[in-house]
Amino acid sequence: MVLKSFIEVHPDSHFPIQNLPYGVFKRQPDSEPRPGVAIGDYVLDLSVVASAGLFDGPFLRNSHCFNQPNLNNFLELGRPAWKEARTTLQKLLSAAEPILRDNAILREKALVPTSEVQMLLPIAIGDYSDFFASKHHAYNCGVMFRGPDNAINPNWFHIPIAYHGRASSIVISGTDIIRPSGQGHPAGNSLPYFGPSRKLDFELEMATVVGPGNELGKPVDVNEAANHIFGLVLMNDWSARDIQAWEYVPLGPFLGKSFGTTLSPWIVTLDALEQFALDAPQQNPSPLPYLAEKKSKNYDIALQASIVPAGQKDAHVVTRSNLRHLYWTITQQLAHQTINGCNLRPGDLLGTGTISGPEPDSYGCLLELSWNGQKPLSLGGTTRTFLEDGDEVIFTGYCKVKFLGIFSFSLLCDFIPLPTIDCLTRLQGDGYNVGFGTCSGKILPSLP
Ligand code: MN
């Protein structure tokens, strides 16, 4: 049987008992922020669970990590503590377990409707890097700016390329983004202009939330890197393409990126994502030994970006992509970031870079979708090349359990060994999503 909670969870919900993503919420504007996990339409307050003595395993019994305004202390404890928390919470929320199910007073204290809470940034982010790990994205950008013959720089196939981003302007989903002003790329030989960005874009990304981290001078082995990754969030790396194009030579992105980066509120753990792991694309040429993984994994996470154009109500899907399209894996990114001895700390964030797929309807930003403004997109009676004031951009992402129907099950029964039958039995009939919720932001006009 599929594990079920005593809390009713709609089949389309992103937050069944198989997920249990971590966030930080406030009950009232003046209440203390506290960590929680999402279950259906509720948040389970982990500080209440901890106070009731229900985290009784060796790693969490005496810990105060859930009486904190962010998850950093919990992240620092590492995978054994994360696994202990997941086991405890899945048991506590399961249909068969009476401790919370049959205790109305505790339930009232511990479970809060999601509609009544305010979500906050779940982590204090010390440092943030952003990679460039999708080959399709790298190729498309290269074709636009250098032509098809030199589209991808030779280093790209050997190094997971990245730049250091700005942590101070990372905001939680729902925060408005003010259109940045800056120096724009001049046309031809004319002088650069200064003013509100004329090419404001989104970048469909995910980001790795770093767990324990490493000591300065001690790199993380690529085959150990997964133990340093707590989970993933959706990320919109808003980008002003005209500012970026003018400033990025020779040191890389700066003000074209640092005016705002939006995160989804729920961190989905690698443990919840494990059943959606698949082989990463073959890398050719082979990576250098410090990047060579015994098993190179991506995750099958369907991603989608929509735009609600200014003045309209409906969202229009502009792209559908998938994390599986990444060339460089998240574990290679983490190992590469530390190979020079640089230390990562709990709560650090590593963005994947724009996740573009191979097809034009799977490109991860407007720069690619509109081919630098040459091909406007139609959205419900209007068009866009880049974002306009009042536009809202909404990302979502989820993994779906693909269950097999009764028909294929009965056909296969005669031919497959018993353990496989057991697996099919558990998957058939009860599909569910392990999802990330949404990551949204609306563009406000630039400041006068
Ligand atoms: Mn980016």
Side-chain angles (χ1 to χ4, degrees), residues 125 127-145 151-153 155-156 159-171 173 175 177 179-180 182 197 199-210 232-249 251-264 301 303-305 318-319 321-323 325-330 332-334 336-337 348-357 362-370 372 386-387 393-395 397 436 439-441 443:
I125 303 163
D127 281 295
Y128 151 53
S129 309
D130 194 29
F131 283 80
F132 190 49
S134 152
K135 187 164 118 183
H136 309 293
H137 175 63
Y139 177 78
N140 288 334
C141 295
V143 170
M144 267 181 265
F145 298 115
I152 302 186
N153 284 318
N155 64 355
W156 192 89
I159 292 184
I161 298 283
Y163 68 93
H164 280 116
R166 182 81 191 165
S168 66
S169 54
I170 296 178
V171 296
S173 176
T175 308
I177 298 293
R179 180 181 297 271
S197 170
K199 289 188 174 179
L200 186 53
D201 200 354
F202 65 80
E203 288 194 331
L204 178 59
E205 303 197 16
M206 300 196 77
T208 296
V209 175
V210 174
L232 297 176
V233 291
L234 301 171
M235 185 173 102
N236 187 342
D237 179 28
W238 305 95
S239 298
R241 300 301 183 190
D242 46 349
I243 298 174
Q244 182 184 354
W246 179 232
E247 75 181 358
Y248 90 107
V249 184
L251 287 185
F254 190 49
L255 304 180
K257 302 277 190 175
S258 60
F259 57 93
T261 307
T262 305
L263 299 187
S264 57
I301 304 174
L303 301 168
Q304 177 179 301
V318 293
T319 187
S321 187
N322 194 302
L323 186 78
H325 297 311
L326 285 192
Y327 182 89
W328 294 106
T329 66
I330 56 174
Q332 287 176 319
Q333 292 167 29
L334 189 141
H336 181 67
Q337 172 98 54
D348 281 0
L349 200 70
L350 308 182
T352 57
T354 304
I355 304 164
S356 293
S362 63
Y363 294 169
C365 58
L366 289 172
L367 176 71
E368 289 168 84
L369 290 164
S370 77
N372 200 12
F386 291 96
L387 296 169
V393 180
I394 305 168
F395 294 171
F436 290 78
C439 175
S440 70
I443 304 301

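Atoms within a ligand are numbered from 1 in the order they appear, just like the ligands themselves.
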Legend entry - ring-ring contact (aromatic ring centres under 6.0 Å, His included) involving F436 - partner list, sequence neighbours excluded: none
Legend entry - Exam field: side chain T319 to backbone Y363, donor-acceptor pair closer than 3.5 Å: yes
Legend entry - Heavy-atom pair with the smallest gap, counting every atom of P180 and L200: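 Closest heavy-atom pair between P180 and L200: CD-CD1, 4.1 Å.
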Inset, instruction - Could you tell me which residues satisfy side chain to side chain donor-acceptor pair (under 3.5 Å) with R166, sequence neighbours excluded, listed by chain and number? - result: S168
Legend entry - Note, E203 side chain near K257 side chain (heavy atom, < 4.5 Å):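 Sidechains of K257 and E203: in contact.
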Legend entry - N, O or S atoms of the protein lying under 2.8 Å from the Mn ion (ligand 1):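 Short answer, with waters excluded from the count: D130 OD2, E203 OE1, E205 OE2, D237 OD2.
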Legend entry - With E247 via side-chain contact (heavy atoms from CB on, under 4.5 Å) - residues at least two apart: I243, F254, L255
